[in-house]
> 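Sharing a structure with you now.
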Amino acid sequence: MAAAAARLVDCHCHLAAPCFLPVSPARRGGRRAAGRLRADTPPVCCRTWRPWCGRRSRFPGFVLPCLGVHPVQDLSPEEQRSVTLKDLDAALPLIEHYKDKLVAIGEVGLDFTPRFASSDEQKEGQRQVLIKQVELARRLDLPLNVHSRSAGRPTINLLKEQGAGNVLLHAFDGKPSVAMEGVKAGYFFSIPPSVIRSEQKQKLVKLLPLESICLESDSPALGPEKQVRNEPKNIYVAAECIAKIKRIPIEEVIEVTTQNAVKVFPRLQNFLRI
């Protein structure tokens, strides 16, 4: 693929977040005109599936969905708790119904942040939900878009134990040495724009081979600046930082990360000319 023809792919964003509703025609036009984004793959939870469907109808072939059960359930802005198998049971009919329209099962994973998983019972509950979704992804022949906050090693170990194949670990916050265990298993890691202000992410980029790296915005979070709404266009910031750390042309970063995105999300092939 010629570098000039490459398009950046945002492998993990949340365009159904309330702060993105609605998108003005001017903002939409600006994103398209920039020529930086060819496709987004936003992880969408069940509670935001309806607003996401509106996004998909307005941006066919441009915004593409994942669907899965996150390890932390937001019952309200004030109430969050660790996921249970009952949450998964409630979501399975929706996932089955839309399985042919999905690019991945996600956002799934483990979150062992103490306020969400302070007990062994809560952690085991998250593990069981993730195991079931690994099995689901295998049955539907879909990749996994994986969250692993404060649980890098447990997440990678579980995925390997369960024989998970096509995996993207988003915004990995663990040790680079732990990430390399994922690289050995063939997993990919997506890097957000916050890499420009995160020593941990910079160390991660330095150690990871480019062939294992994708780009993500995680919009509206993990932007170049704290407390400022992040947008998908900022994946270019991540690409620039990766190029600087690895001392390679940004065109190479764009080309290889786009190729990697198609490897981890094969259905993107239908929307990208590579």
Side-chain angles (χ1 to χ4, degrees), residues 1 6-13 37-43 64-66 68 102-110 130 133-134 137-138 141-149 151-195 198 200-218 222 232 235 238-239 241-243 245-246 248 252-269 271-272 274:
M1 177 182 65
R7 292 293 182 269
L8 286 80
V9 178
D10 186 350
C11 289
H12 189 110
C13 62
L37 299 177
R38 176 60 182 169
D40 299 332
T41 52
L64 307 168
C66 307
L102 303 177
V103 295
I105 299 297
E107 177 178 358
V108 304
L110 302 178
L130 179 54
Q133 292 189 99
V134 172
R138 184 183 299 113
D141 193 25
L142 287 170
L144 289 160
N145 197 324
V146 179
H147 173 106
S148 56
R149 185 165 54 187
R153 188 182 298 278
T155 301
I156 289 175
N157 286 346
L158 185 150
L159 292 169
K160 290 167 59 179
E161 290 166 3
Q162 297 301 314
N166 215 0
V167 171
L168 178 75
L169 287 140
H170 103 89
F172 189 77
D173 69 356
K175 294 180 179 179
S177 58
V178 174
M180 292 306 294
E181 293 300 312
V183 170
K184 292 176 184 177
Y187 302 157
F188 294 83
F189 294 78
S190 53
I191 305 299
S194 61
V195 64
S198 169
Q200 178 268 338
K201 297 268 185 309
Q202 292 167 15
K203 290 180 179 179
L204 183 64
V205 167
K206 187 174 182 179
L207 189 60
L208 289 173
L210 186 60
E211 291 72 22
S212 299
I213 294 176
C214 293
L215 302 174
E216 69 160 288
S217 66
D218 201 23
L222 298 187
I235 61 171
C241 187
I242 292 167
I245 291 170
K246 291 194 168 294
I248 57 176
E252 182 178 352
V253 173
I254 293 172
E255 181 176 358
V256 175
T257 57
T258 298
Q259 291 173 342
N260 293 344
V262 175
K263 289 177 183 177
V264 72
F265 300 122
R267 290 185 180 180
L268 280 180
Q269 184 69 54
F271 302 96
L272 294 169
I274 295 181

> Looking at Leu210, Leu208, Ile254, which hits side chain to side chain contact (heavy atoms under 4.5 Å, CB included) with Ile242?
Leu210
> I need the minimum non-hydrogen distance between Ile213 and Pro209, along with the two atoms involved.
CG1-O, 3.6 Å
> Going from CD on Glu211 to NZ on Lys263, what distance comes out if it is rounded to the nearest 0.5 angstrom?
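Result: 7.0 Å between the selected atoms.
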> Measuring from atom CG of Leu110 to atom CD1 of Ile156, what distance do you get when rounded to the nearest 0.5 angstrom?
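Spacing of CG (Leu110) from CD1 (Ile156) equals 11.0 Å.
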> For atom CZ of Arg138, is the number of surrounding heavy atoms from other residues, nucleotides or ligands below 6.0 Å larger than 12?
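For Arg138, atom CZ is crowded (more than 12 foreign heavy atoms under 6.0 Å).
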> Test Lys201 against every option in Pro176, Pro193, Cys241, Pro192 by the side chain to side chain contact (heavy atoms under 4.5 Å, CB included) rule and name the one that passes.
Pro192
> Please report the shortest heavy-atom distance between Arg267 and Leu102, naming the atom on each side.
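Shortest heavy-atom contact: NH1-O, 2.6 Å.
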> Output yes when a side-chain donor or acceptor of Lys206 lies under 3.5 Å from a complementary backbone atom of Ile245, and no otherwise.
no
> Rounded to the nearest 0.5 Å, what separation is found between the CG atom of Leu8 and the CD1 atom of Ile235?
4.5 Å
> So which pairs with a foot in residues 173-194 pass ring pair (Phe, Tyr, Trp, His ring centres under 6.0 Å), sequence neighbours left out?
Phe172-Phe189
> Looking only at the side chains, is there a donor atom on one of Asn145 and His170 sitting less than 3.5 Å from an acceptor on the other?
no
> So, for Val195 and Ala238, which heavy atoms are closest and what is the spacing to 0.1 Å?
CG1-CA, 4.1 Å
> Is the number of heavy atoms from other residues, nucleotides or ligands under 6.0 Å of Lys175 NZ greater than 12?
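Not more than 12 within 6.0 Å, no.
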> Under the salt bridge (Lys or Arg N to Asp or Glu O under 4.0 Å) definition, can you give me all pairs with a residue in residues 183-193, not counting sequence neighbours?
Glu181-Lys184
> Does Val183 reach the side chain of Met180, with side-chain heavy atoms less than 4.5 Å apart?
yes
> Are side-chain heavy atoms of Cys66 and Val103 found at a separation under 4.5 Å?
yes
> Just so I know, are the side chains of Thr258 and Arg7 near enough to count as touching, which here means a heavy-atom distance under 4.5 Å?
no
> Which heavy atom of Ser148 sits nearest to which heavy atom of Asp173, and what is that distance?
O-OD1, 3.4 Å
> Distance from Leu222 atom CG to Ile191 atom CD1, nearest 0.5 Å?
11.0 Å
> Do you know which two heavy atoms are closest between Cys11 and Cys214, and how far apart they sit?
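Closest approach of Cys11 to Cys214: SG-CB, 3.9 Å.
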> Between Val134 and Leu159, is there a side-chain heavy-atom distance shorter than 4.5 Å?
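Sidechains of Val134 and Leu159: in contact.
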> Return the CG to CZ distance between Leu144 and Phe265, rounded to the nearest 0.5 Å.
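It comes to 9.5 Å.
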> Does Ala243 have any side-chain contact (heavy atoms from CB on, under 4.5 Å) partners at least two apart in sequence or in another chain, and if so, which?
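So Ala243 forms a side-chain contact (heavy atoms from CB on, under 4.5 Å) with Ile250, Val253.
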> Looking only at non-hydrogen atoms, find the nearest pair between Asp10 and Ser217 and report the distance.
OD2-OG, 2.6 Å
> If only atom types and distance count, is the side chain of Glu216 paired as donor or acceptor with the main-chain N or O of Cys13 below 3.5 Å?
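Not at all, since once roles are kept as given, no pair shorter than 3.5 Å links the two residues.
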> Would you say Gln200's side chain and Gly174's backbone share a donor-acceptor pair under 3.5 angstrom?
yes
